[in-house]
Amino acid sequence: MTAPTIAVGNGRATLRRNFWHGVWRVLKRKPSRMAGMVIVLGFAFMGIFGPLFYPDPLPRDTANLYAAPSWEHLFGTDFEGTDVLALVVTGSSYVLLSAVITAVITVVLGTGIGLFAGFRRGRWDTVLMRITDMKLTIPGLPLLLVLSTIWKFGSAIEMGLVLGLLGWGGVARAVRSQTLSLRERGFIEAARGLGLSTTHIIGRELLPSMAPFIAMNMLIAVTGAVYAQVGLFFLGVLPFEANNWGVMLNLAVFGGGAMSSPAALPYLMAPLLAILLLTLGIVLAVDAMDEIFNPRLREE
């Protein structure tokens, strides 16, 4: 290995080390940010490994219908005698996986189209923005109603794919606006003057500058996807082919009488608390990321 290669490798290692040291300092400065990251990582662990701790299907105890919270059942049981905490944990996989898939598709499509349209301008900008505007005019709920007649959405991948394809328009518009402001900066002018390719300028110059904006949009897209799918299942728009928090809410309200019977309230409150806690964790994580990626805030 040559000396310049070793020097470049050491330089990158130093940059990575300094970055993670900076992340640690930002998180330590406010305990709430640390709490947010712990909550988000906790939900990620629950979604990936949680179902492994429970048998499939979940056991039912017909002698304990709507049992009150206890050490054996922390959130009580549902109308079939199934542990509510187990339902929340096993149902998190569908919700979180589909939310992550939605966020990835939304951010990748929206960022790619917004960056390219904003940088190239001209005909490319016109065509891509007209496509984006057409996409924004498509009503999501009626389309999902039609799709639900032929698609059961039993898989989180299917749900994430549909929500992602319906949700990238706003991100594309926002990224294009950011790109238009960045493309006139000096370092982009210098890159164009050097004759660097469009791919290089977008990938190496524009994209890193927009990393914090993109990362925050991804986290916001996760919460949006959770609200959307839980709301659709709660309203009964989609068939109950999978166990998730929206199905729990629907069954608790419309089938379990949670609005009239106090015994069924834990069945209603458990998924609501999970959604609120996940949202709180993401909001706190976004606050930390804002300072991590914003040099002006770090200096303050």
Side-chain angles (χ1 to χ4, degrees), residues 35-62 64-103 153-157 159-160 163 219 222-259 261-285:
M37 296 304 294
V38 170
I39 291 171
V40 171
L41 292 176
F43 271 97
F45 180 86
M46 183 171 75
I48 296 171
F49 300 106
L52 301 178
F53 293 99
Y54 296 97
D56 185 23
L58 293 172
R60 299 173 180 176
D61 185 1
T62 53
N64 277 319
L65 304 183
Y66 285 127
S70 63
W71 284 112
E72 186 180 2
H73 304 292
L74 289 179
F75 287 97
T77 61
D78 69 352
F79 60 92
E80 293 180 319
T82 304
D83 185 73
V84 172
L85 179 59
L87 288 170
V88 171
V89 173
T90 54
S92 67
S93 292
Y94 184 101
V95 175
L96 298 178
L97 177 59
S98 59
V100 169
I101 293 172
T102 300
F153 293 100
S155 163
I157 297 174
M159 173 59 74
L163 291 179
L219 286 177
V222 168
T223 57
V226 170
Y227 294 153
Q229 61 180 294
V230 169
L232 290 169
F233 279 109
F234 171 71
L235 294 172
V237 172
L238 303 178
F240 296 167
E241 295 291 329
N243 169 37
N244 61 63
W245 299 342
V247 173
M248 289 180 67
L249 290 172
N250 182 288
L251 293 177
V253 173
F254 301 110
M259 304 303 290
S261 172
L265 273 180
Y267 186 40
L268 172 68
M269 296 304 296
L272 286 178
L273 286 175
I275 294 168
L276 290 174
L277 192 59
L278 175 63
T279 305
L280 175 65
I282 289 177
V283 168
L284 296 176

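Bear in mind that the values here come from a model prediction, so they are computed numbers and not experimental data.
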Donor-acceptor list for residues 264-280 side chains, cut-off 3.5 Å, not counting sequence neighbours:
{"unit_1": "Thr279", "atom_1": "OG1", "unit_2": "Tyr227", "atom_2": "OH", "d": "2.8"}
{"unit_1": "Thr279", "atom_1": "OG1", "unit_2": "Ile275", "atom_2": "O", "d": "2.8"}

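- Residues Val222 and Ala103 share a closest heavy-atom pair of CG2-CB, 3.7 Å.
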Kindly determine whether Val230 and Asn244 satisfy side chain to side chain contact (heavy atoms under 4.5 Å, CB included), including the steps that lead there.
CA-CA 8 Å; Val230 169; Asn244 61 63; 5.6 Å; no
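- Side-chain contact check for Trp245 versus Phe233: every heavy-atom pair is 4.5 Å or farther apart.
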Just list the side-chain donor-acceptor pairs under 3.5 Å for residues 46-56, sequence neighbours left out, or say none.
none

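- The two residues Leu74 and Pro69 make their nearest non-hydrogen contact at O-CB, 3.3 Å.
- Screening residues 40-51 for salt bridge (Lys or Arg N to Asp or Glu O under 4.0 Å), with sequence neighbours left out, gives no hits.
- Residues meeting the side chain to side chain contact (heavy atoms under 4.5 Å, CB included) test with Val40, sequence neighbours left out: Ile282, Ala285.
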I'd like a table of donor-acceptor pairs (distance under 3.5 Å, sequence neighbours excluded) in which one partner is a side-chain atom from residues 75-88, with atom names and distances.
{"unit_1": "Thr77", "atom_1": "OG1", "unit_2": "Asn64", "atom_2": "O", "d": "2.6"}
{"unit_1": "Thr77", "atom_1": "OG1", "unit_2": "Tyr66", "atom_2": "N", "d": "3.2"}
{"unit_1": "Thr77", "atom_1": "OG1", "unit_2": "Ala67", "atom_2": "N", "d": "2.7"}
{"unit_1": "Asp78", "atom_1": "OD1", "unit_2": "Glu80", "atom_2": "N", "d": "3.0"}
{"unit_1": "Asp78", "atom_1": "OD1", "unit_2": "Gly81", "atom_2": "N", "d": "3.1"}
{"unit_1": "Asp78", "atom_1": "OD1", "unit_2": "Thr82", "atom_2": "N", "d": "2.8"}
{"unit_1": "Asp83", "atom_1": "OD1", "unit_2": "His73", "atom_2": "ND1", "d": "2.8"}
{"unit_1": "Asp83", "atom_1": "OD2", "unit_2": "Leu85", "atom_2": "N", "d": "3.2"}
{"unit_1": "Asp83", "atom_1": "OD2", "unit_2": "Ala86", "atom_2": "N", "d": "2.9"}

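- Phe254 contributes atom CZ, which lies 7.0 Å from atom CG of Leu235 (distance to the nearest 0.5 angstrom).
- Atom CG of Leu97 sits about 11.5 Å away from atom CE of Met159, to the nearest 0.5 Å.
- Listed by first and then second residue, the side chain to side chain donor-acceptor pair (under 3.5 Å) pairs that reach into residues 91-100 are Ser98-Gln229, sequence neighbours excluded.
- Of all the heavy atoms in Gly281 and Ile39, the pair that sits closest is CA-CG2, 3.8 Å.
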